[in-house]
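Written below as structure tokens is the structure these notes are about.
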Amino acid sequence: MGSDHYFSASPSSEQNLRRIRVTLAGRAVEVTTAGGVFSPDHVDSGTGVLLANTPPAPSGGDFLDLGCGWGPISLSLAMESPRATVWAVDVNERALDLVRRNAAELGLDNINAVLPDDVPNDVAFRTIRSNPPIRVGKNELHGMLQRWIPRLSERSDAWLVVQRNLGSDSLQRWLAATFDHGYGVTRAATGRGFRVLRVRRHGVPPTGAIELP
């Protein structure tokens, strides 16, 4: 793809639409993918680890899939929680078009596939699930997380999957240092060289230890 990346806004590479069969939310489905998006031939290993190591999503509310690609996380969330609204967010217009196409084919009307600036400012998220685009660079990645994690609802979680060799442990330390008031950061799971990181936004007042008389 030359200088073309899956995080390019408008990929210049050939679209090369393709159909693949995948299993999402325990359901075998056929989806459309394309060149110029992340992992067009299968559900990538990191996303697979994330989907296998996160609890069921809440039954309703607003969810965020940050860096949605062609949509495996968004589609899974929408199938699991049909009363929820899933915000599939990406800078790649081709990826957003694929999410819309796949949602329509699967009869999922609870997905909004949009650019980051198109998410209304008053939306707070009951959960964030993301295989974030590590290769955009540390500064860009940190800026993304600083923008979206504070939009978690109280007593809600962000779940991020990051490859160990691409800095998952340093990212965990950065998250803990950056979100040190009102949040908790833990490593929830490991698998196939990936870490699943959990960022919990506590309630107000935060839950503390019970003091005995």
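Worth saying up front: this structure is predicted, and the values here are computed from it rather than measured. Below, each value reflects all heavy atoms present in this structure, side chains not excepted, and no hydrogens, waters or symmetry copies.
Residues D41 and R18 approach most closely at OD1-NH1, 2.8 Å, considering heavy atoms. Scanning both residues, P132 and L141, for their nearest heavy atoms gives CB-CD1, 3.8 Å. Minimum heavy-atom separation, G69 to D90: N-OD2, 2.9 Å. Considering all non-hydrogen atoms of both residues, V43 and P72 come closest at CG2-CB, 4.3 Å. Between L17 and A34 the shortest heavy-atom distance is CD2-CB, 3.8 Å. Here the closest heavy-atom approach between residue S153 and residue R126 is recorded as OG-N, 4.1 Å.
Atoms CD and OG, from E80 and S59 in turn, are 12.0 Å apart once rounded to the nearest 0.5 Å. In this structure, CG on D44 lies 9.0 Å from CZ on R192, to the nearest 0.5 angstrom. Residue E30 holds its CD atom at 9.0 Å from CD1 of I20, rounded to the nearest 0.5 Å. For the atom pair L160 CG and I149 CD1, the distance stands at 5.5 Å (nearest 0.5 Å). Atom CG in L51 sits 7.5 Å away from atom CG in L24 (nearest 0.5 Å). Taken to the nearest 0.5 Å, the CZ atom of R94 stands 11.0 Å off from the OG1 atom of T33.
With respect to R173 and D169, no salt bridge is recorded, no charged nitrogen being found less than 4.0 Å from a carboxylate O. Between R147 and D117, at least one side-chain nitrogen of the basic residue sits less than 4.0 Å from a carboxylate oxygen of the acidic one, meeting the salt-bridge criterion. Ion pairing between R129 and D65 fails under the 4.0 Å rule for side-chain N and carboxylate O.
Looking at T127, its side chain does come within 3.5 Å of a backbone N or O of D157 through a donor-acceptor pair. At distances below 3.5 Å, at least one donor-acceptor pair connects side-chain atoms of R201 with backbone N or O atoms of P150.
By the 4.5 Å heavy-atom criterion applied to side chains, D97 and R101 are counted as neighbours. Side-chain atoms of V89 and L115, non-hydrogen and from C-beta on, never get closer than 4.5 Å to each other. Side chains of R198 and T54 form no contact here, defined as non-hydrogen atoms less than 4.5 Å apart. Using a 4.5 Å heavy-atom threshold, the side chains of L64 and R151 count as separate. Between Q163 and I134, the closest side-chain pair of non-hydrogen atoms is not below 4.5 Å. Side chains of W87 and C68 form no contact here, defined as non-hydrogen atoms less than 4.5 Å apart. Using a 4.5 Å heavy-atom threshold, the side chains of H142 and L171 count as touching. Annotation: side chain of R187 is in contact with side chain of Q172 (closest heavy-atom distance under 4.5 Å).
By the 30° and 60° cut-offs, the orientation of the rings of F179 relative to W174 is perpendicular.
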Taking it one step at a time, do F125 and S156 satisfy side chain to side chain contact (heavy atoms under 4.5 Å, CB included)?
-> CA-CA 8 Å; F125 301 108; S156 298; over 6 Å; no

List the steps and the verdict of side chain to side chain contact (heavy atoms under 4.5 Å, CB included) for V119 and W148.
-> CA-CA 11 Å; V119 180; W148 295 103; 3.9 Å; yes

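At a threshold of 4.5 Å between side-chain heavy atoms, the hydrophobic network of Ile, Leu, Val, Met, Phe, Trp and Tyr places L96 and M144 in two separate groups.
A donor-acceptor contact closer than 3.5 angstrom links the side chains of T32 and R19. Judged by distance alone, the side chains of W70 and N102 never bring a donor and an acceptor atom under 3.5 Å apart.
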